[in-house]
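Contents: one structure, followed by commentary.
To find a chain, count down the sequence lines: A is the first, B the second, and so on, and within it residues start at 1.
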Amino acid sequence: MEKRRVVITGSGLTSSLGLDVGVFYDRLEAGNSAVRLMDGWSDKLKINRIAAPVVLPEGLEKTIPRTFRRSMGRMSIYSALAAEKALHASGLTREFTASGRCACVIGSTMGSGESIMEASRIVILNDSENMPALQFFKCASHSAAFNTANFLGLTGCVLAPAAACASGLQAIGLGRDLIQSGAQDAAICGGAEEVTPEVTASFELMFAAARGFSGPPEYSSRPFAADRVGLVCGEGAGLVVLEEYEHAVKRGANIYGEIIGYATCGCGSHVSQSDHRSIVRCMDLAFRDAAVSPAQTDYISAHATATLHGDAEEAMAIREFFGSGTPVSSLKGHLGHTLGASGAIELIASLEMMRRDRLLPTLNLEHIADDCAGLDHVRSVREQKISIFVKNCFAFGGINATLICRRV
Amino acid sequence: MTREEIIAAINSTFIEQFEISEDKLTPDKQIFNDLGLDSLDIVDLMVGLQRRFGISLRENEEIRKVVTLGDVYEFFVRLEAKRNKPKT
């Protein structure tokens, strides 16, 4: 039986570089970085107080009615706002999204980190009597997914893959599978994440977070660079609307691109150290699924978070699988690492590159590291038509995910 | 606390926690039907009132019987009177 085709017909985001896809893209192209000093983080935490936060305009979150907002942590608010925009962009009707044929698949590393910390403090202070009734709903792992689904009245499958930094891309892959198999006709999919000092501290403990860079914060996230010092945490939400091809064509939807391949796999060995062999295997599985050749790829949106080990392993995998002729860049220099949201936010940026026939460079890449060399690193904005691009995500837990998109 | 202070404190809880405008806060309003709260909100209402009045309400049977905003006012007015009653 022929597989059903799945296309992207809407996108929306809540990002540290803007809440509108056009503004977000323009800031990326202008070489802006959202990384800054986090004044609100206590210096008692003894962590490098830098991150790439979302700044919401005053009153925006109150556009979500209180009955929906009361169970949302910051992450779910980002997700709901982004999903509302994605749905609006797609032109799908409320009648359709309430038909049971539209899924909501949104991943994140965990529930709202800020809410989990609040709940922990209440328990530690032996003050459980004053625990808000909705605290659990902010902390639950599927918080962004169910909050967004309820806010938008989505009655299809509600799923929430939790695979750390691959969560958002896994959500989109899962949405693709649901539509391809015929279980659903459309899906709102993506990832959401909120940045907290506790998460940053966890990365610092493992020597994965940027530390020791002496320049201004906006230069501190340096993927593939010889002087990279680790990742900088970011936050936000990216949501795309996936739809069965014929369904989209029939209603005259604007088609952003087609998902032609997807794969996810475990490395089977280590919780935190990516290994190039399993990354190659993941990309190979995705290309077999897409039934196209790696040589047909016009652009690779790398995971590259600026960690010493991760960037080198990914570069090695790309060299081995694609050779040195396929353009590669990472957007972590602009956005920091938005963890579970990164796959979706960077996919949206890549779709916009494809629409505009332009490749965005890796920011802060003055000197390419020897262990990341041998690739066609995009180092300035490049005019180029994209017909096929790849989005990679690699996550703690040894999880890989690769998605392949094609211009329609 | 005077009766007026108690009412003002309760109204503040409804305004801050449930974003209800002050003009809707009249004693005849039913908490579920007129003010739009549900069972989850009632838990948060109790938490908010506990913090504001410095008392524990979870095991209090009487507070569970309130229907209108006026009932909430009267519950706390009575509670305050009990607190202030001279010990014999």
Side-chain angles (χ1 to χ4, degrees), chain A residues 56-78 80-81 84 111-112 114-153 155 158, chain B residues 1 6 9-26 29-69 71-72 75-76 78-80 82-83:
Chain A
L56 292 182
E58 184 83 26
L60 181 63
E61 64 180 79
K62 290 210 170 179
T63 59
I64 302 169
R66 186 192 68 83
T67 44
F68 295 111
R69 186 171 15 99
R70 64 183 177 165
S71 54
M72 294 180 178
R74 228 166 66 227
M75 179 186 77
S76 295
I77 286 169
Y78 298 160
L81 292 171
E84 189 178 34
S112 159
E114 198 171 66
S115 304
I116 291 168
M117 288 306 296
E118 276 168 20
S120 305
R121 269 191 287 272
I122 289 171
V123 172
I124 289 164
L125 294 172
N126 202 19
D127 191 26
S128 300
E129 199 165 88
N130 283 319
M131 184 78 79
L134 278 301
Q135 199 71 18
F136 168 80
F137 298 88
K138 298 177 182 177
C139 300
S141 301
H142 61 324
S143 187
F146 71 72
N147 272 309
T148 302
N150 288 337
F151 171 53
L152 295 175
T155 55
V158 179
Chain B
M1 285 174 95
I6 290 168
I10 293 167
N11 285 354
S12 294
T13 304
F14 276 85
I15 294 165
E16 288 161 23
Q17 274 189 255
F18 305 110
E19 300 170 13
I20 298 170
S21 61
E22 195 164 11
D23 58 308
K24 288 186 181 159
L25 298 175
T26 52
K29 293 283 167 59
Q30 291 195 5
I31 294 169
F32 280 7
N33 295 335
D34 299 326
L35 298 179
L37 272 60
D38 62 17
S39 59
L40 289 168
D41 286 327
I42 294 300
V43 177
D44 282 346
L45 174 65
M46 294 217 291
V47 169
L49 293 172
Q50 281 178 165
R51 285 183 179 158
R52 205 170 280 270
F53 290 95
I55 53 155
S56 174
L57 293 171
R58 268 192 192 264
E59 304 303 323
N60 192 304
E61 292 293 329
E62 210 184 330
I63 190 76
R64 294 178 190 205
K65 294 175 190 160
V66 298
V67 176
T68 66
L69 186 55
D71 294 340
V72 182
F75 172 84
F76 280 96
R78 281 197 304 275
L79 199 74
E80 188 66 10
K82 266 189 216 165
R83 274 182 177 180

TODO: Using the side-chain contact (heavy atoms from CB on, under 4.5 Å) rule, take B:Asn11 and B:Ile20 through it: C-alpha gap first, then chi angles, then the decisive distance, then the call.
DONE: CA-CA 9 Å; B:Asn11 285 354; B:Ile20 298 170; over 6 Å; no

- [ ] I would like to know whether B:Leu69 and B:Asp34 meet side-chain contact (heavy atoms from CB on, under 4.5 Å); could you show each step before the answer?
- [x] CA-CA 10 Å; B:Leu69 186 55; B:Asp34 299 326; over 6 Å; no

Task: Side-chain touch A:Leu60/A:Ile77, heavy atoms, less than 4.5 angstrom - done: no

TODO: Could you tell me whether the side chain of B:Leu57 reaches within less than 4.5 Å of the side chain of B:Phe75, counting heavy atoms only?
DONE: yes

All inter-chain donor-acceptor pairs under 3.5 Å (chain B, chain A):
residue: B:Phe18; atom: O; partner: A:Arg66; partner atom: NE; Å: 3.3
residue: B:Glu19; atom: OE1; partner: A:Arg69; partner atom: NH2; Å: 2.8
residue: B:Glu19; atom: OE2; partner: A:Arg69; partner atom: NH1; Å: 2.7
residue: B:Glu19; atom: OE2; partner: A:Arg69; partner atom: NH2; Å: 3.4
residue: B:Asp38; atom: OD1; partner: A:Arg70; partner atom: NH1; Å: 2.8
residue: B:Asp38; atom: OD2; partner: A:Arg70; partner atom: NH1; Å: 3.2
residue: B:Asp38; atom: OD2; partner: A:Arg70; partner atom: NH2; Å: 2.6
residue: B:Asp41; atom: OD1; partner: A:Arg66; partner atom: NH1; Å: 3.1
residue: B:Asp41; atom: OD1; partner: A:Arg70; partner atom: NH1; Å: 2.8
residue: B:Asp41; atom: OD2; partner: A:Arg66; partner atom: NH2; Å: 3.0
residue: B:Asp41; atom: OD2; partner: A:Arg70; partner atom: NH1; Å: 3.1
residue: B:Asp44; atom: OD1; partner: A:Ala133; partner atom: N; Å: 2.6
residue: B:Gln50; atom: NE2; partner: A:Glu129; partner atom: O; Å: 3.4
residue: B:Gln50; atom: NE2; partner: A:Asn130; partner atom: OD1; Å: 2.8
residue: B:Arg51; atom: NH2; partner: A:Asn130; partner atom: O; Å: 3.0
residue: B:Ser56; atom: OG; partner: A:Glu129; partner atom: OE1; Å: 2.7
residue: B:Ser56; atom: OG; partner: A:Glu129; partner atom: OE2; Å: 3.1
residue: B:Arg58; atom: NE; partner: A:Glu129; partner atom: O; Å: 3.3
residue: B:Arg58; atom: NH2; partner: A:Glu129; partner atom: O; Å: 3.4

TODO: Please step through side-chain contact (heavy atoms from CB on, under 4.5 Å) for the pair B:Phe76 and B:Ile63, ending with a clear verdict.
DONE: CA-CA 9 Å; B:Phe76 280 96; B:Ile63 190 76; 4.3 Å; yes

TODO: Working to the nearest 0.5 Å, report the span between NZ of B:Lys82 and CG of B:Leu79.
DONE: 6.5 Å

